[in-house]
Amino acid sequence: ASAACRRSNKVDPNSSGVSSSRTVFSVNATQKATLNKDAAGSEEVGDRLSKLPNDILLNILERVDTLDAIRTCILSKRMMKLCTELSQFFLSCSSIPGHNVRTNSEYVRTNSAVAHVTDNILSTKSPEITISKLKIRFILMQPDCYTIGKSVARTMATQKVGAAEFEIITEKIHKKCSPADLLDHAKQFNDFFSACLDAFAGLKRLWLRNMRFGESDIPNILSTCKLLESLHLTNCDSGMNSVVQLEHAKLTELEVKYGKFEIVELTCLPKLQRVSYKGWFNSHKGPLYFGFVPQLSKLRLTKIGTRPTRTLELSQLLDNVPHIGNLHLDFQSEKIWVLPESPKLLRPVLSQLQQVNLDNLSEGCDLAWTMFILEAAPS
């Protein structure tokens with residue numbers, strides 16, 4: 001504001017000094033009134049917050065982005081002390097680069113701030129307070145991701161960390177990614193992964209975007225992340241028409257969006273309960289093969305059907321999972337890619353189905369079209 005006032009005090013050589021002075025006075029008065037109002041509002045909010053009991057304040061601070069919580073705590077010395085008592089942390093570089101008007105340089109600065117704050121908080125935090133939740137959303141770039149990975153690894157080695165999650169974003173959005181970019185992103189991730197194995201070994205949730213891995217990379221990630229319960233893959237694959245086999249003792253949730261897999265084989269996932277697959281690649285095999293998945297109960301499939309899209313037969317797709325209780329099919333108002341079958345064929349796989357959602361059906365698929373599912377699902 002002071003800089004703006006100083007700039008305003010420069011006299012325009014094409015106008016009289018009196019006129020300029022009056023304009024400056026008017027602008028400065030308005031700025032001062034606005035600043036005073038904002039300051040008063042901040043003081044009022046800070047005063048109201050500081051009167052709350054510590055447990056309620058902590059509850060509030062743990063529900064917002066940790067960077068925002070720190071900014072709030074600066075309002076008072078008492079609240080600054082609460083920063084050391086936080087047990088839940090959510091540090092985020094905000095939105096995905098390229099998705100709004102913010103420049104990439106802004107994302108780089110924010111990402112560096114996330115890395116710095118992560119390192120600072122985790123290195124100074126008292127080990128007596130257990131971290132119940134730690135979620136970090138960051139861009140895959142050096143040296144920030146290494147700072148985050150090594151800070152988390154050190155913390156996991158010295159104190160108990162509950163649910164730890166990495167959501168890793170690439171500098172380029174998928175629309176701007178060439179095949180070479182996807183390969184480069186995967187190489188960057190593999191280098192980061194190899195350098196921070198201890199951090200990944202303690203993760204409960206992992207979300208990756210825009211990467212084209214080698215054939216053994218995804219199985220290698222799963223074998224290292226032994227505590228992993230949730231895996232999200234968005235625009236990831238192992239090459240065109242690739243096949244990936246997934247095995248893991250604790251994974252309960254899998255979400256795959258797009259990518260060029262020919263088929264995702266769920267070979268041995270004894271704890272898996274929820275699967276979501278959106279926009280699978282057109283192939284003769286896909287999209288899913290169910291091996292040993294005894295607890296799978298919820299399945300969501302979403303695809304824009306086109307002429308080459310293979311029609312799925314639920315009796316074959318679900319042949320090895322007769323315990324689906326929740327089925328969600330989203331056709332995106334295009335071609336129907338599920339073949340209506342005889343209730344006699346479907347009943348063995350839909351006998352435990354309790355909830356079914358059929359979204360965005362194309363014209364011509366009225367209530368009568370849904371009867372083949374309803375008649376096969378007595379529950």
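Using a 4.5 Å cut-off on side-chain heavy atoms (C-beta onward), Leu266 and Phe292 make no contact. At a threshold of 4.5 Å between non-hydrogen side-chain atoms, the residues Phe213 and Leu182 do not count as touching. Proximity of Leu299 to Leu318: side-chain heavy atoms (C-beta onward) are separated by under 4.5 Å at one or more points. Taking 4.5 Å as the limit, every side-chain heavy atom of Arg300 sits out of range of all side-chain heavy atoms of Lys298. Looking at heavy atoms from C-beta onward, Val293 lies out of side-chain contact with Asn320 at the 4.5 angstrom threshold. In this structure the side chain of Lys125 never reaches within 4.5 angstrom of the side chain of Glu85, judged on heavy atoms. In this structure the side chain of Trp280 reaches within 4.5 angstrom of the side chain of Lys303, judged on heavy atoms. Under the 4.5 Å side-chain criterion, counting only non-hydrogen atoms from C-beta, Val117 is not in contact with Val114.
What you find for Asn111 and Met141 is that their closest heavy atoms are ND2-CG, 3.4 Å. Between Ile168 and Leu140, the shortest heavy-atom distance links the atoms CG2-CB, 3.8 Å. Nearest heavy atoms, Phe290 versus Leu317: CD1-O, 3.2 Å. Taking both residues in full, the closest heavy atoms of Gln159 and Ile129 are given as OE1-O, 3.7 Å, listed atom of the first, atom of the second, then distance. The two atoms that bring Ala153 and Ala199 nearest to each other are CB-N, 3.8 Å, heavy atoms only. Closest of all the heavy-atom pairs between Ile218 and Ser238 is CD1-OG, 4.1 Å.
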For Phe189 and Phe200, run ring pair (Phe, Tyr, Trp, His ring centres under 6.0 Å): C-alpha distance rounded to whole Å, both residues' side-chain angles, the deciding distance at 0.1 Å, then the answer.
CA-CA 12 Å; Phe189 174 80; Phe200 281 91; 5.6 Å; yes
Verdict with supporting geometry, Thr252 and Gln273, side-chain hydrogen bond (donor to acceptor under 3.5 Å, both in side chains)
CA-CA 5 Å; Thr252 61; Gln273 299 174 15; 5.7 Å; no
Walk me through it: do Ser87 and Ser132 pass the test side-chain contact (heavy atoms from CB on, under 4.5 Å)?
CA-CA 6 Å; Ser87 63; Ser132 60; 3.7 Å; yes
After noting the C-alpha distance and the side-chain angles of Gln332 and Thr302, does the key distance pass the side-chain hydrogen bond (donor to acceptor under 3.5 Å, both in side chains) rule?
CA-CA 7 Å; Gln332 303 283 280; Thr302 303; 5.5 Å; no
Test Asp181 against Ser178 for side-chain hydrogen bond (donor to acceptor under 3.5 Å, both in side chains), laying out the working first.
CA-CA 5 Å; Asp181 290 326; Ser178 66; 3.1 Å; yes
Test side-chain hydrogen bond (donor to acceptor under 3.5 Å, both in side chains) on Asp217 and Asn190 and set out the steps.
CA-CA 8 Å; Asp217 288 343; Asn190 284 332; 3.1 Å; yes
Stepwise, does the side-chain contact (heavy atoms from CB on, under 4.5 Å) test hold for Ile70 with Leu61?
CA-CA 9 Å; Ile70 292 172; Leu61 294 173; over 6 Å; no
Determine, step by step, whether Leu327 and Asn357 satisfy the side-chain contact (heavy atoms from CB on, under 4.5 Å) criterion, reporting the C-alpha distance in whole Å, the side-chain angles of both residues, the deciding distance to 0.1 Å, and the verdict.
CA-CA 6 Å; Leu327 179 65; Asn357 289 277; over 6 Å; no
For Glu165 and Arg137, run salt bridge (charged side-chain N to carboxylate O under 4.0 Å, His left out): C-alpha distance rounded to whole Å, both residues' side-chain angles, the deciding distance at 0.1 Å, then the answer.
CA-CA 8 Å; Glu165 174 179 355; Arg137 189 175 195 255; over 6 Å; no
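The hydrophobic clustering, which links ILVMFWY residues whose side-chain heavy atoms are closer than 4.5 Å, places Leu208 and Phe281 apart. A single hydrophobic cluster is seen to contain both Ile121 and Tyr146, as judged by linkage of ILVMFWY side chains at heavy-atom distances under 4.5 Å, directly or through other members. Linking Ile, Leu, Val, Met, Phe, Trp and Tyr whenever their side-chain heavy atoms come within less than 4.5 Å leaves Ile148 and Trp207 in two separate clusters. Note on Val264 and Val243: separate hydrophobic clusters, where clusters join Ile, Leu, Val, Met, Phe, Trp and Tyr whose side-chain heavy atoms are under 4.5 Å apart, directly or indirectly. Under the 4.5 Å side-chain heavy-atom criterion for grouping Ile, Leu, Val, Met, Phe, Trp and Tyr, Val64 is not connected to Leu134 through any hydrophobic cluster.
Asp237 contributes a side-chain N or O that, together with a main-chain N or O of Lys260, makes up a donor-acceptor pair within less than 3.5 Å. Side chain of His323 to backbone of Val349: no donor-acceptor contact under 3.5 angstrom is found. The backbone N or O of Asn210 lies less than 3.5 Å from a partner atom in the side chain of His185, making a donor-acceptor pair. Ser194 places no side-chain N or O within 3.5 Å of a backbone atom of Asp191 that could act as its donor or acceptor partner. Arg347 contributes a side-chain N or O that, together with a main-chain N or O of Glu375, makes up a donor-acceptor pair within less than 3.5 Å. For the pair Thr66 (side chain) and Phe89 (backbone), a donor-acceptor distance under 3.5 Å is absent. Checking side-chain atoms of Ser342 against main-chain N and O of Lys344 turns up a donor-acceptor pair under 3.5 Å.
Between Lys187 and Asp184, no side-chain nitrogen of the basic residue sits less than 4.0 Å from a carboxylate oxygen of the acidic one, so the salt-bridge criterion is not met.
At most 12 heavy atoms of other shown residues, nucleotides or ligands fall within 6.0 angstrom of atom NE2 in His116. Heavy atoms of other residues, nucleotides or ligands lying less than 6.0 angstrom from CG of Leu67 number more than 12.
The aromatic rings of Phe166 and Phe192 lie parallel to each other, their planes meeting at an angle below 30°, with 60° marking the opposite boundary. Note on ring orientation: taking the six-membered ring where Trp is involved, the planes of Trp369 and Phe331 are perpendicular (angle over 60°, cut-offs 30° and 60°).
Pairs of residues two or more places apart, or lying in two chains, that qualify as salt bridge (Lys or Arg N to Asp or Glu O under 4.0 Å) and include a residue from residues 144-154 are Asp119-Arg154.
Considering Glu167, His174, His232 as possible partners of Arg209, the one that fulfils the side chain to side chain donor-acceptor pair (under 3.5 Å) test is Glu167. Checked options Leu301, Leu312, Val256; the residue passing with Leu288 is Leu301 (criterion: side-chain contact (heavy atoms from CB on, under 4.5 Å)).
Partners of Phe90 according to the ring pair (Phe, Tyr, Trp, His ring centres under 6.0 Å) rule, which considers only residues two or more places apart in sequence or in another chain, do not exist here. Not counting sequence neighbours, Phe261 has no partner by the ring pair (Phe, Tyr, Trp, His ring centres under 6.0 Å) test. With sequence neighbours excluded, the residues satisfying side chain to side chain donor-acceptor pair (under 3.5 Å) with Asn59 are Arg63. Applying the salt bridge (charged side-chain N to carboxylate O under 4.0 Å, His left out) criterion to Glu253, with sequence neighbours excluded, gives Arg205, Arg274.
When hydrophobic residues (I, L, V, M, F, W, Y) are linked wherever their side-chain heavy atoms come within less than 4.5 Å, the members clustered with Met371 are Leu374.
If you check the side chains of Ser242 and Glu215, you find no donor sitting under 3.5 Å from an acceptor. In the model, Glu247 has no side-chain atom that pairs as donor or acceptor with a side-chain atom of Thr267 under 3.5 Å.
Rounded to the nearest 0.5 Å, atoms CD (Glu255) and OG (Ser230) are 8.0 Å apart. Atom NZ of residue Lys204 and atom CD of residue Glu229 lie 4.5 Å apart, to the nearest 0.5 angstrom.
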